Amino acid sequence: MRKKINIQLIGIALLSMLLTMVLLLFVYYGIFQKQVLDELKTVAHMMGSMENLTVYSVKDYQTKLDNIRITLLDTDGSVLYDSDANAAEMDNHALRPEISVAYSNGEAYAIRESDTLSQNTYYYAILLDNGGVLRVAKEANSILSIFASSLPSLLIIIISLTTVCTVVARLFTKSLMKPIDNIAKDLDHMGEVKTYDELKPFIETIQSQHEDIIKNAKLRQEFTANVSHELKTPLTVISGYSELIENGMTGAEDTIRFSKEIHRNSTRLLTLINDILRLSELDSGEQNTPMEDIDLYELSDNCISMLQMNAEKNNVILDLKGPHLTVFANRQMLEEMIYNLCDNGIRYNKPNGKVEVSIRENNENVIFMVSDTGIGISKENINRIFERFYRVDKSRSKQTGGTGLGLAIVKHIAEQMNAQIQIDSELEKGTTITILFPKKVPS
Ligand code: ADP
């Protein structure tokens, strides 16, 4: 780009130089022509004003003038005298443009090419009192010869101006590119670089993209560290207990207890890995998500049936109310979402508690709500529970088979379904999570 700007700047400078020179050449040539003609006019009038201008007086005057050819013509155009040729051998001049016009209008001029291309002949003719015509003529350089003679100096000017332009263009491009160079050198502080207003939207976009990249890299790093940590605990337990059994150091009772632990922890590992895989699948956005109209009530009823046993085990009543409303969503995702929310409602509940799932609608949304009478979430924690692996009470989460990824998956799914999540909670009273599905625009 730098090179391109440089070349373009030099190109523009060269072109304007050439245009100016050609224009100046024509302007000066016009002035030069006028000067030559003015000189001839003055000479013609001075001679014409002499009384009784005769061949002899013309000859006499001729000696005082350099390079000026004088022709004296009779009333009919025949040549009486010519300073450069023998008048007797010359043909009638009445039809020469400057002479015929001088006969009719009193005076006239003409410029004609000489035998050599480099010279032009300038003529000025005036009508004399006696009816004859006096013509004065002079040879002068043509535009071509003026151009040719000034060519060396023109070339020197062009070369030196081009050199100056190249240096100036380079400096100019450098200063033009400086903000961009500075940004490229330090992407972290690009917001502080002084730049042009035109570049600001571009810089803002790059800046926010750069920040996103850094944030994502950090999140990924954190996630990997968390995953390793989460996997390590059950694996350590499994490895420890299995080693004890392997060494034959356990009695029959302990073996059963240890095997149970191994089983519990491997189930936990499986759940964890399933959730991690599900999240990365959602992250990549590669899975195909066929969307369809789904009866939200029916799907909720299915989930509740699946969770019924769990609820009973925890002494929690599961309830569903509301009309059969339809949402446009992916069935598997919607099911996962409802399941996770109801499961949390049961797991973070109190004995004899209740989880109520309700469905309703307003003008813009189909509203899905899971409300529990559980332990609630404090204000400090409420904004963080959708983060991956974030748990308020780690041991309770683990005990109840939680991975800390359930709500992260819910959040992801809601985003994909264009749904909004609202959360309301009070410690010891309970939690309500509301999902607002957009109503399908009738097509
Ligand atoms: P987990 O697998 O630990 O349940 P989630 O992502 O589903 O992970 O939830 C994150 C955390 O949010 C939980 O560990 C819990 O502390 C809190 N939480 C989620 N749902 C509820 C709820 N209904 N009542 C109280 N706390 C909740």
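Please read these numbers as outputs of a predicted model, since none were measured by experiment. Ligands are counted one by one from 1 in listed order, and the atoms in each one are counted from 1 as well.
- Residues Phe147 and Tyr29 place their aromatic rings such that the two centres sit no closer than 6.0 Å.
- Note that the CG atom of Leu244 and the OG1 atom of Thr250 stand 7.0 Å from one another [nearest 0.5 Å].
- The atoms of ligand 1 that sit less than 4.0 Å from any heavy atom of Tyr390 are 10 (C), 11 (C).
- At under 3.5 Å, not a single nitrogen or oxygen of Gly376, backbone or side chain, sits near a nitrogen or oxygen of ligand 1.
- Near Gly404, meaning under 4.0 Å from one of its heavy atoms, ligand 1 places the atoms 1 (P), 2 (O), 3 (O), 6 (O), 8 (O).
- Every atom of ligand 1 is numbered from 1 in the order shown, and the set under 4.0 Å from a heavy atom of Leu407 is 5 (P), 6 (O), 7 (O), 9 (O), 19 (C).
- Contact detail for Thr403 and Arg391: the closest heavy-atom pair is O-NH2, 3.0 Å.
- With a 4.0 Å heavy-atom cut-off, ligand 1 is reached by no atom of Arg396.
- Residue Thr400 does not touch ligand 1, judged by heavy-atom distances below 4.0 Å.
- Of the protein's non-hydrogen atoms, Ile385 CG2, 3.2 Å is the one closest to atom 12 (O) of ligand 1.
- The ligand atoms of ligand 1 that sit less than 4.0 angstrom from a heavy atom of Ile377 are 25 (C), 26 (N), 27 (C).
- The nearest heavy-atom contact from the protein to atom 15 (C) of ligand 1 is Tyr348 CZ, 3.5 Å.
- Heavy-atom separations between Lys398 and ligand 1 are all 4.0 Å or longer.
- A salt bridge does not link Glu387 with Lys411: every distance from a Lys NZ or Arg NE/NH1/NH2 to an Asp or Glu carboxylate oxygen is 4.0 Å or more.
- Look at Asp181 and Lys178 and you find no salt bridge, because none of the NZ, NE, NH1 or NH2 atoms lies under 4.0 Å from a carboxylate O.
- Scanning all heavy atoms of the two residues, the minimum distance from Ser149 to Pro152 falls at O-CD, 3.5 Å.
- For ligand 1, the atoms lying closer than 4.0 Å to a non-hydrogen atom of Val392 are 14 (O), 16 (O).
- Taken to the nearest 0.5 Å, the CG atom of Leu299 stands 6.5 Å off from the CD1 atom of Ile294.
- With respect to Asp197 and Lys200, a salt bridge is recorded, a charged nitrogen being found less than 4.0 Å from a carboxylate O.
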